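The structure appears right after this line, and notes come after that.
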2 protein chains.
Amino acid sequence: MPNAPRPPRRVTIPDVARHAGVGQATAARVLGGYGSTSAATRERVLAAAAELGYSTNAVARSMISGRTHTLGVVVADVENAYFARAVRGVADVAAKAGLQVVLANSDEDGEKEKAAVQMFVERRVDGLVVAPAAADHEHLDRAVSSGIPVVLLDRALAGADLDTVVVDNRGAAKAAVARLTDDGHRRIAVITSASPADDGTTLAPGADIWTTTERLTGYRQALRAAGIPRSAEVVRHTGYDRAWARSAVLELMTGEDRPTALFTTDNVATLGTLDALLDLGARIPADVSVVGFDDAEWATLIRPRLSVVSQPVQELGGLAADILIRRVNGSTARPRRHTLRTAYVPRESTGPAPARVRRLRAPRQ
Amino acid sequence: MPNAPRPPRRVTIPDVARHAGVGQATAARVLGGYGSTSAATRERVLAAAAELGYSTNAVARSMISGRTHTLGVVVADVENAYFARAVRGVADVAAKAGLQVVLANSDEDGEKEKAAVQMFVERRVDGLVVAPAAADHEHLDRAVSSGIPVVLLDRALAGADLDTVVVDNRGAAKAAVARLTDDGHRRIAVITSASPADDGTTLAPGADIWTTTERLTGYRQALRAAGIPRSAEVVRHTGYDRAWARSAVLELMTGEDRPTALFTTDNVATLGTLDALLDLGARIPADVSVVGFDDAEWATLIRPRLSVVSQPVQELGGLAADILIRRVNGSTARPRRHTLRTAYVPRESTGPAPARVRRLRAPRQ
DNA sequence: CTGTTAGCGCCTTCAT
DNA sequence: ATGAAGGCGCTAACAG
C-alpha cells in the first residue's frame, strides 16, 4: 500500500473562535450545543462557523465521550436476503437512536468473524450484533468484558451468557412438518444446506448449525408425534449451494420409495429443490408437497405459490439493536434469550399425500 | 434518551508501559508496530499487554492519522438485492484494504441522503460511495472539498464532477428492446417503477431517475430504429411497488391493442408484471414476451425462465471501492465516469411476436 | 534502541 | 456568560 497522505487539516473550533473573536470554550459551547451562551455570541460563532465551513469532528468527540455512536454487525453475507433484511432492521432502529451501522461479512468463517469482532472492539463500537459462525464465544465474551454489549442474532450459542434474538426454529419446523403428516404424508424428506466448508455429508462444526439442528430436531419430533419410525427419516445435507441441492433432490426423487413431501430448511435449499422438481416435471402438490423455511419475494411468484414458515426477520434485527441501545444506556439486565414468533403460511405447494406415488423420471438433460 | 453512562476506562499504553517497566513510547512502538525495539523489550511489552488485556484504541489513532479506515455507503435500501450485492462488492474490496463499511439507507429520500452524508463527513470516513437519490450534489461537493473522496454508484448526476460507476443503461435497454423488434414485436410496453414519493404518473424529481430515464431513452431509440412511431410507445410508471405494477399490467394487457412484449426496468416492476401475467393466464412468450432489467435468483426458477439484462453489480461496488482507495492513497486523477458492461441473457421468456394477438381476460380474482 | 515531550480536536472543570 | 488550562489515548519529534 502506498503510504497514504494524511488528509488536509480541517477547520477546527479554535479557528472558528478566532474568526468570531471569542474564546475557544465559547465557540465549543455553541457548536457542541451544551452549556450556555448569549444569543449574540451564538450568532457570531454560528456565522463564523458557516463562513469557514466548520464541521464537527466526531472522532475527537468520541475520544472524550468514549462513545462512537456506532453499532457493529457481523453476518454471514449481506447478499443473502435474510441477512440483508436483518441488517436493515438493525440499521433502522439504530438510526432512530443516532447510531450508524458498520458491516462485516463472515462468510460463515469463524476466523473472519473473530477478526471482525476484534476490529470492532478496537474501533470502540458501542455495541455488537453477531450472527455467529464460530462455535466458541471467547471473542464475544472479551468484547463484553471490555465494555461492549453483544447480541446474538438468528443463532444461539451453547453456554454463552449473551442476549440472543432468535425464533423457535424447532417448534416452527415441527409445526410445519406436522401439517404434512396431518395431510397423510409418511415419507417426508428434509433438504438442508450445510456450511460451505463442509463436505456435504455432515454438518460443519459451527454455530450456523444451531438453526439447522433445531429445525431438524423439530422435523424429527413431528415424525415421532405422527408415529413415523426413525428409520423413515430422510435427511439430505447439500452444502450451501443451489446446484448441489438440485442434484440431491434429483437423486432422491428418482430413487426407490421417494418422499411425497419435502421440507427445506433454508432458501438456497428451497431454490435447488424447486429446480429439481421442475426438471422432473413433478406436479406440486399432487406428486409432492413442498414447504420452505423463510419467506421470499419469489415464493408468491411461482405457481403453485410456495407454503413457507416465515420469520419476522427485520424485527429480529430491530430487537437486537434495541437491546444494545438499552445496554448502552446503562441497562444491566441479565442477558436472556428473546424468541420471536414465526408463522406458518399455507399457500399452494402443500396438499394431501398422493394415493399412488407416481414414479418420477430423471430429465434427459 | 437516558443519559448514557460513559464506558469503563480501558487498558491504555501507559498502563502497559508501567506494567512492563518500560517507557510509554517504547510500549507504543511495540503495540503500534512502528519504530524499532529490541526483541527482549518487545516480549515484555507484549506479555504485559496480553496480561492486562490491552486492545488498541483505533479512535485515538484516527485522531492523529486523520484516517478512520472506514468507507461510508449510502444506498436506497440494503434489502433490495441490487444494493445488497453492490454493498457486498464494496465491502469485499474495502476489507482487503483494511477498511470497514458504514451503511446508510436513504429510502430514495434526498433529505435522508444529505443527513447521512453529513454524518459521514463528521465521522471523517475515508471515502464515500453514494447511489444518489437527491438530484443536487452540493452536499457531495462539500464532502469532496473537505477532503473526502466521493464515488457515485449506479446513477450519474448531471453536472457533478465526481467519479461515477455505472453501466450503459441506455445501450443495454436499446439492445434488449431491439431483440424484441427483431422478433417482430411492434407493440412493446415499458413497465417502470418510480420513486415512492411519486404519484405514479410522472417520475419523481430525483437522481434515481437517471437510470430509468436512460433505460426509457434506450427503449425509444430501439423503437425508432425499428421504424416504430412515437405514438406507439407505451410507458407505465407504477411506483416502487409490486402490487402497483401488477395492476398497471393487468389494465394494460386487458385493454385495446395490448402489447405483445413487455420490458421491465427493474425487479419490482418485473415481479408485479409477472404476477399480472400469471393471473391473466398469459402464455409466455406465445402471448407476450417479457424482458427484465437485472438478473435475480428467481429468474431461472420460474418457467419459462426469464430473459434479462444483467449487470455486474458486485463489480460496480468493488470498482467504486477501488477508486476510493486509490484516492485515499493520494491519487488526484480527474474524476471520470466508469461504464461497466451489461449482458443480455436470452432465456425462455422471449420469442417471436404472435401472428394473432389473443385477447386476455381479467381474472375473476 | 529508548525515554521525554508535544500535540491531534474536543469537552470539562475551574476561575473570572 | 465567558476564558484559560488540562486531558482523552495515541503518535511523532527530539534527545539521549
Side-chain angles (χ1 to χ4, degrees), chain A residues 3-46 48-49 52-69 121-124 146-147, chain B residues 3-46 48-49 52-69 121-124 146-147:
Chain A
N3 52 338
R6 61 175 58 192
R9 207 183 150 286
R10 307 274 218 320
V11 180
T12 67
I13 284 186
D15 295 331
V16 175
R18 222 167 304 135
H19 196 79
V22 301
Q24 188 185 136
T26 305
R29 275 187 270 259
V30 346
L31 296 173
Y34 55 88
S36 46
T37 45
S38 76
T41 38
R42 157 170 303 146
E43 289 311 311
R44 293 192 18 236
V45 171
L46 255 21
L52 298 179
Y54 169 82
S55 126
T56 300
N57 184 332
V59 177
R61 191 172 280 175
S62 291
M63 238 333 255
I64 296 168
S65 67
R67 314 252 70 125
T68 53
H69 297 285
V121 171
E122 294 182 354
R123 283 173 183 224
R124 304 294 192 255
S146 84
Chain B
N3 51 337
R6 58 176 61 191
R9 204 181 153 288
R10 308 273 218 321
V11 180
T12 67
I13 283 186
D15 295 330
V16 175
R18 223 168 300 135
H19 197 78
V22 300
Q24 189 185 134
T26 305
R29 276 187 271 260
V30 174
L31 298 172
Y34 56 88
S36 45
T37 46
S38 76
T41 36
R42 156 170 305 146
E43 287 312 310
R44 298 201 2 244
V45 172
L46 253 22
L52 298 180
Y54 169 83
S55 126
T56 300
N57 184 333
V59 177
R61 190 171 280 174
S62 290
M63 181 94 180
I64 296 166
S65 67
R67 314 251 68 125
T68 52
H69 298 284
V121 171
E122 295 183 355
R123 284 173 184 222
R124 304 294 192 254
S146 85

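Note on naming: letters A, B, ... go to the chains in the order of the sequence lines (proteins, then strands), and numbering restarts at 1 for each one. Because the structure is predicted, anything quoted here is derived from the model rather than measured.
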Practice task
Determine yes or no for a side-chain-to-main-chain donor-acceptor pair under 3.5 angstrom, with Arg44(A) supplying the side chain and Ala20(A) the backbone.
Solution key: yes
Practice task
Would you mind reporting whether Val45(B) and Leu31(B) have side-chain heavy atoms less than 4.5 Å apart?
Solution key: yes
Practice task
Could you tell me whether the phosphate oxygens of dC11(C), OP1 or OP2, come under 4.0 Å of any side-chain nitrogen or oxygen in Arg61(A)?
Solution key: yes
Problem - Separation of dG7(D) P from Arg9(B) CZ (nearest whole Å) - result: 13 Å
Handout entry: Rounded interatomic separation in angstrom, taking CG from Leu52(B) and C1' from dG9(D)
Key = 15 Å
Practice task
Measure from CG on Asn57(A) to C1' on dG9(D) and round the result to the nearest Å.
Solution key: 15 Å
Exercise for the section: Scan Ser38(B) against the nucleic acid and name what it touches under 4.0 Å (heavy atoms): base, sugar-phosphate only, or nothing. Expected result: sugar-phosphate
Practice task
Go through the N and O atoms of the side chain of Arg29(A) and the base of dG3(D), and report whether any donor-acceptor pair is under 3.5 Å.
Solution key: yes
Practice task
May I ask you to say what Ser62(B) touches in the nucleic acid, namely base, sugar-phosphate or nothing, with a heavy-atom cut-off under 4.0 Å?
Solution key: nothing
Practice task
Select one nucleotide: of dG9(C), dT12(C), dT11(D), the one nearest the side-chain heavy atoms of Tyr34(A).
Solution key: dT12(C)
Practice task
Could you tell me whether Ser65(A) contacts a base, only the sugar-phosphate backbone, or nothing, with contacts defined as non-hydrogen atoms closer than 4.0 Å?
Solution key: nothing
Completion exercise
Residue pair Arg124(B)/Ala25(B) against DNA chain C: nearer the 5' end by closest nucleotide is Ala25(B)
Practice task
Ignoring backbone atoms, test whether Thr26(A) places a side-chain nitrogen or oxygen under 4.0 Å from the OP1 or OP2 oxygen of dG3(D).
Solution key: yes
Completion exercise
Closest to the side chain of Met63(B), out of dC10(D), dC10(C), dG9(D), is dG9(D)
Practice task
Look at all strands and tell whether Ser36(B) reaches a base, only sugar-phosphate, or nothing, counting heavy atoms closer than 4.0 Å.
Solution key: base
Handout entry: Integer-rounded Å distance: dC10(C) P and Gln24(A) CD
Key = 9 Å
Problem - d(CG, Asp15(B); P, dC8(D)) in whole Å - result: 10 Å
Problem - Whole-Å distance separating the CZ atom of Arg67(B) from the P atom of dG9(C) - result: 14 Å
Handout entry: Atom pair distance, as rounded to whole Å: CG in Leu31(B) and P in dT2(C)
Key = 13 Å
Handout entry: Residue pair Arg67(A) / Arg61(A), side-chain heavy-atom distance below 4.5 Å
Key = no
Exercise for the section: Report the distance from atom CZ of Arg18(A) to atom P of dC10(C), rounded to the nearest whole Å. Expected result: 12 Å
Practice task
For the residue pair Thr56(B) and Arg123(A), establish whether any side-chain heavy-atom pair is separated by less than 4.5 Å.
Solution key: no
Practice task
Would you mind reporting whether Thr41(B) and Val30(B) have side-chain heavy atoms less than 4.5 Å apart?
Solution key: no
Fill in the blank from the handout: The residue, Ile64(B) or Val22(B), whose nearest nucleotide of DNA chain C is more 5′ is Val22(B)
